[in-house]
Amino acid sequence: MNLESTMTDIKPDKESSRAWKRFKTNKRGYYSLWLFIILFGLSLFAEILSNDKPLLVYYQDSFYIPILKVYPETTFGGDFETESDYVDPYVKELLNTDNNWAIYPLNPFRYDTINYYNQQPNPAAPSSDNLLGTDDRGRDVLARLIYGFRLSILFAFALTIMGITIGVVAGAIQGYFGGRIDLYTQRVIEVWGSMPELYLLIIFASLFEPSILLLIILLSLFGWIGLADYIRAEFLRGRNMEYVKAARALGLSNRAIMFRHLLPNSMTPVVTFLPFRISGAILALTSLDFLGLGVPPSTPSLGELLAQGKENIEAWWLSMSTFVVLVGTLMLLIFIGEALREALDSRRG
């Protein structure tokens, strides 16, 4: 008897193929997925798309790559031994004299670059130099949106992975073993879930220096509880099925039954809620940054831009551009989540 064929009553490859076909029939979710992948992929190359350093410089028959290496101003005929300021009109003129040339990114500003040569007071309105204007410190809004979008997505991915890992392990142990383990763990979860999360974040923000790692650790301590309930229910339902009883009779270990056979059949709630958990993590980071409890002030953040928009009501470009990026991202994730939910519904043809 083939043990693997005995352990499960479904064919994962066939089911995955059917689910993918059902997902593709939802055009809104399908195109949202590709658009989200493209936008996130572009944001991973933010240093190439938006930077105050040239991608490539040709000066006096030699090539230089300032985006990868630091060059003093004297390298290009300047006066100082310090790092070249490629936003300075004097340095730009040096790089474009005679046969010399420089290739700049599409947006020639980094998230922390201050445009000292802008003629308007900060926050400055959109112009040909700063397409989406500047914030109250003279930093380019478009650059901060690009870097902030990448930071939000990476933060959401990290928080989601940690939350799923803890939730799956806790729910699997509860549902599979049941009895006192399930009872005691449920009591612990009820007590832990009643803790005031926001107050704890405020306390830790006052005790420790704000950082991305600290936020991920603190939020992941609470983000697994809801998922653990779903996994627990799936394991409670699946542990009494025939293929699980057959596995026990054939001598498979509890670990093998839990994570090789029960878990793949219990992943529907995990996959279905994945986009919604990511969108929730993005909202959590944005909210904390808006309240000043998130990342350090110099870090590019959507929440920090929204806070600036609140403080500078007349600078509509701050709140409007951030609102479009945030809402657009959440809409894409919601459309993907709805398509996943329909794709994993086996009742659909």
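The chain is numbered in sequence order, starting from 1.
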Does [X] belong to the same Ile/Leu/Val/Met/Phe/Trp/Tyr cluster as [Y], with side-chain heavy atoms less than 4.5 Å apart forming each link?
X	Y	value
F335	V324	no
V325	I334	no
F208	Y199	yes
F45	I153	yes
Y230	I173	no

Going from [atom1] on [X] to [atom2] on [Y], what distance comes out if it is rounded to the nearest 0.5 angstrom?
X	Y	atom1	atom2	answer
N312	S319	CG	OG	9.5 Å
F40	F149	CZ	CZ	8.0 Å
E234	L262	CD	CG	10.0 Å
S220	I164	OG	CD1	12.5 Å
M267	T272	CE	OG1	10.0 Å
L159	L285	CG	CG	9.0 Å

Check the side chains of [Y] and [X] for a donor-acceptor pair under 3.5 angstrom, ignoring hydrogens and angles.
X	Y	value
D61	Y58	yes
D140	N107	yes
Y243	N265	yes

* Could you go through the side-chain contact (heavy atoms from CB on, under 4.5 Å) check for I114 and N122 one step at a time? => CA-CA 10 Å; I114 298 178; N122 295 318; 5.6 Å; no
Greater than 12 external heavy atoms within 6.0 Å of [X]'s [atom1]:
X	atom1	value
N99	CG	no
F259	CZ	yes
W101	CH2	yes
F157	CZ	yes

* Sequence-distant partners of N254, side chain to side chain donor-acceptor pair (under 3.5 Å), two or more places apart -> Y176
Taking every non-hydrogen atom, the tightest pair across [X] and [Y]:
X	Y	result
P275	I336	CG-CG2, 4.0 Å
D135	Q308	CB-OE1, 2.9 Å
A156	I282	CB-CG1, 3.7 Å
V244	G238	CG2-O, 3.2 Å
A19	L344	CB-CD2, 4.2 Å
R150	A46	NH1-CB, 3.9 Å

Within-4.5 Å side-chain heavy-atom neighbours: [X] and [Y]:
X	Y	value
I48	L55	yes
Y117	D88	yes
F23	L340	yes
Y111	T299	no
S127	Q120	yes
R187	E190	yes
F155	I212	yes
M195	L221	no

Okay, side chain of [X], backbone of [Y]: is any donor-acceptor separation there less than 3.5 Å?
X	Y	value
N100	Q60	yes
R22	A343	yes
S50	F109	yes
W317	A124	yes

* Run the numbers on D129 and N115 for side chain to side chain donor-acceptor pair (under 3.5 Å), then give the verdict. => CA-CA 9 Å; D129 292 332; N115 188 0; 5.0 Å; no
* **Stepwise side-chain contact (heavy atoms from CB on, under 4.5 Å) test for S321 and L145** => CA-CA 8 Å; S321 57; L145 284 176; 3.7 Å; yes
* Asked: Any ion pair linking E342 and R28 (charged N to carboxylate O, less than 4.0 Å)?
  -> no
* To do: Walk me through it: do L33 and I37 pass the test side-chain contact (heavy atoms from CB on, under 4.5 Å)?
  => CA-CA 6 Å; L33 175 62; I37 291 175; 4.0 Å; yes
* To do: Check the pair L95, Y86 against side-chain contact (heavy atoms from CB on, under 4.5 Å), reporting the backbone distance first and the verdict last.
  => CA-CA 9 Å; L95 298 179; Y86 299 98; 3.9 Å; yes
* Asked: Which is it for R139 and E304 under the salt bridge (charged side-chain N to carboxylate O under 4.0 Å, His left out) test, yes or no, and what are the steps along the way?
  -> CA-CA 13 Å; R139 298 171 299 190; E304 189 259 350; 3.4 Å; yes
* From CA spacing to verdict: salt bridge (charged side-chain N to carboxylate O under 4.0 Å, His left out), R110, D112 -> CA-CA 5 Å; R110 198 166 171 263; D112 55 354; 2.7 Å; yes
Atom pairs and distances, donor-acceptor, side-chain atoms in residues 68-79, under 3.5 Å, two or more places apart:
unit_1 : atom_1 : unit_2 : atom_2 : d
Y71    : OH     : I65    : N      : 3.3
E73    : OE2    : D79    : N      : 3.2
T75    : OG1    : P72    : O      : 3.2

